[in-house]
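Below is one structure; the comments refer to it alone.
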Amino acid sequence: MKYLSAILALASAGTAAAFAPQMPPASRQLTVTKAAAAEELYIDEERRFLMNLIMVGSGLVTVGAFGIPYVAFFFPPGSGGGSAGSAAKDALGNDLFAKEYLATKPAGDRSLAQGLKGDATYLIVKEDKTLESYGLNAVCTHLGCVVPWSAAANKFQCPCHGSQYAPDGHVVRGPAPLPLALAHCDTDDTGKIIFSPWTEPDFRTGEKGWWN
């Protein structure tokens, strides 16, 4: 009797399994398709994000490349303006002394020395073979090139964009918007040449110096 009951139970289970609902092939295919589509959408979103990132980065680089020089035109590089005086130095970093310096320079000479904040600054020798009371910062107020002195033309001529300055540093031809910065030029008790900040009005314009 026990054996008969067991056989009947197994038969019932087999019959139930035979009649259990089966997932149609179309449904299984739909499920797989949806999964694949979701995965592809995820990949597309990543790719789109990466492309957007590249485009934004490229745009910022382009704007920076064109925008920074444009802004710099209206904000000349800082020149001079240290809080205390500093000794004028030659190209080797040696202090310059007025007596020795003037012995090697002709009247009307304008030669470069290291000035305030290390900026290249012109020392000016007057006709009486003494130093002018001011030095001229050699940094062009257009885009920051160092402006050489042309003795033949009797003016400073920038080789970068053609700006020109008079012997006292005021602009005679653009695109430079402002005159060369001034610095006081004196000698101390030892005869050493000293540059110090020019905080007074600019004698060429009658206005406050733009470097202050």
Side-chain angles (χ1 to χ4, degrees), residues 68-69 72-73 75-173 175-205 207-212:
I68 291 174
F73 177 89
F75 295 90
S79 301
S83 59
S86 60
K89 298 180 183 296
D90 62 18
L92 299 177
N94 300 313
D95 292 343
L96 294 173
F97 291 82
K99 183 177 179 180
E100 291 80 1
Y101 182 82
L102 291 169
T104 64
K105 302 295 181 182
D109 181 76
R110 285 163 172 76
S111 294
L112 287 171
Q114 182 177 312
L116 297 172
K117 294 185 178 180
D119 285 351
T121 304
Y122 281 101
L123 285 168
I124 302 172
V125 181
K126 297 191 294 184
E127 292 301 319
D128 61 0
K129 287 281 287 180
T130 60
L131 283 172
E132 185 59 84
S133 61
Y134 62 86
L136 291 173
N137 192 292
V139 177
C140 182
T141 59
H142 178 216
L143 290 179
C145 298
V146 172
V147 183
W149 165 253
S150 172
N154 195 39
K155 54 189 172 184
F156 298 97
Q157 297 178 311
C158 183
C160 297
H161 302 96
S163 297
Q164 297 182 7
Y165 304 84
D168 66 358
H170 75 265
V171 179
V172 295
R173 175 181 169 182
L178 299 166
L180 297 176
L182 296 169
H184 284 291
C185 181
D186 303 290
T187 55
D188 65 10
D189 295 338
T190 67
K192 187 184 299 182
I193 301 173
I194 302 294
F195 287 122
S196 57
W198 188 288
T199 57
E200 300 83 0
D202 185 338
F203 65 84
R204 301 161 299 185
T205 64
E207 301 175 353
K208 181 180 178 181
W210 59 264
W211 55 90
N212 290 322

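For reference, positions follow the sequence shown, starting with 1. Only this structure's heavy atoms are used, side chains among them; waters, hydrogens and symmetry mates stay out.
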**Q.** Side-chain (Lys129) to main-chain (Lys105) donor-acceptor, under 3.5 angstrom
**A.**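 Judged by distance alone, yes, a pair lies under 3.5 Å.
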
When rounded to the nearest 0.5 angstrom, what distance separates [atom1] in [X] from [atom2] in [Y]?
X	Y	atom1	atom2	value
Leu131	Ile124	CG	CD1	9.5 Å
Trp211	Asp202	CH2	CG	4.0 Å
Ile194	Cys185	CD1	SG	9.0 Å
Asp109	Tyr101	CG	OH	5.0 Å
Leu96	Lys192	CG	NZ	10.5 Å
Ser86	Gln114	OG	CD	8.0 Å

Q | For Cys158, the option from Thr141, Val147, Val146 that meets side chain to side chain contact (heavy atoms under 4.5 Å, CB included) | A |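 Answer after filtering Thr141, Val147, Val146: Val147.
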
Q. Only one of Thr187, Asp188, Thr190 forms a side chain to side chain contact (heavy atoms under 4.5 Å, CB included) with Phe97, so which one is it?
A.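 Only one option passes, and that is Thr190.
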
Q: Taking atom NZ of Lys126 as the centre, report whether more than 12 heavy atoms of other residues, nucleotides or ligands fall under 6.0 Å from it.
A: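 It does: Lys126 NZ has more than 12 such atoms within range.
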
Q | Atom CG of Asp128: over 12 foreign heavy atoms under 6.0 Å | A |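 Result for CG/Asp128: enclosed.
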
Q) Between His142 and His161, what is the ring plane arrangement, given parallel below 30°, perpendicular above 60°, and tilted in between? A)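 If you compare the ring of His142 with that of His161, the planes turn out perpendicular.
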
Q: Begin with the C-alpha distance, continue with both residues' side-chain angles, and end with the deciding distance and a verdict on salt bridge (charged side-chain N to carboxylate O under 4.0 Å, His left out) for Asp168 and Arg204.
A: CA-CA 8 Å; Asp168 66 358; Arg204 301 161 299 185; 5.3 Å; no

Taking all heavy atoms of [X] and all of [Y], pick out the closest pair and write down the distance.
X	Y	result
Ala113	Leu123	CB-CD1, 3.9 Å
Leu116	Thr121	N-OG1, 4.5 Å
Thr199	Asn212	CA-ND2, 3.6 Å
Val171	Pro179	CG2-N, 3.9 Å
Trp198	Ser133	CZ3-O, 4.5 Å
Phe156	Pro167	CE1-O, 3.6 Å

(Q) Working note: Tyr165 + Cys140, criterion side-chain contact (heavy atoms from CB on, under 4.5 Å); need CA distance, chi angles, decisive distance, verdict. (A) CA-CA 9 Å; Tyr165 304 84; Cys140 182; 3.1 Å; yes

Q. Would you call Lys117 and Asp119 a salt bridge, using N to O less than 4.0 angstrom?
A.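 No, this pair does not count.
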
Q: Find out whether Leu182 and Asn137 are in side-chain contact, i.e. whether some heavy atom of one side chain is under 4.5 Å from a heavy atom of the other.
A: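 Of all side-chain heavy-atom pairs linking Asn137 with Leu182, none is under 4.5 Å.
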
Q. For the cysteines Cys145 and Cys160, is the SG separation below 2.5 Å?
A.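 In this structure, Cys145 and Cys160 share a disulfide.
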
Q | Pair Leu112-Tyr122, side-chain contact (heavy atoms from CB on, under 4.5 Å): steps then yes or no | A | CA-CA 4 Å; Leu112 287 171; Tyr122 281 101; 3.6 Å; yes

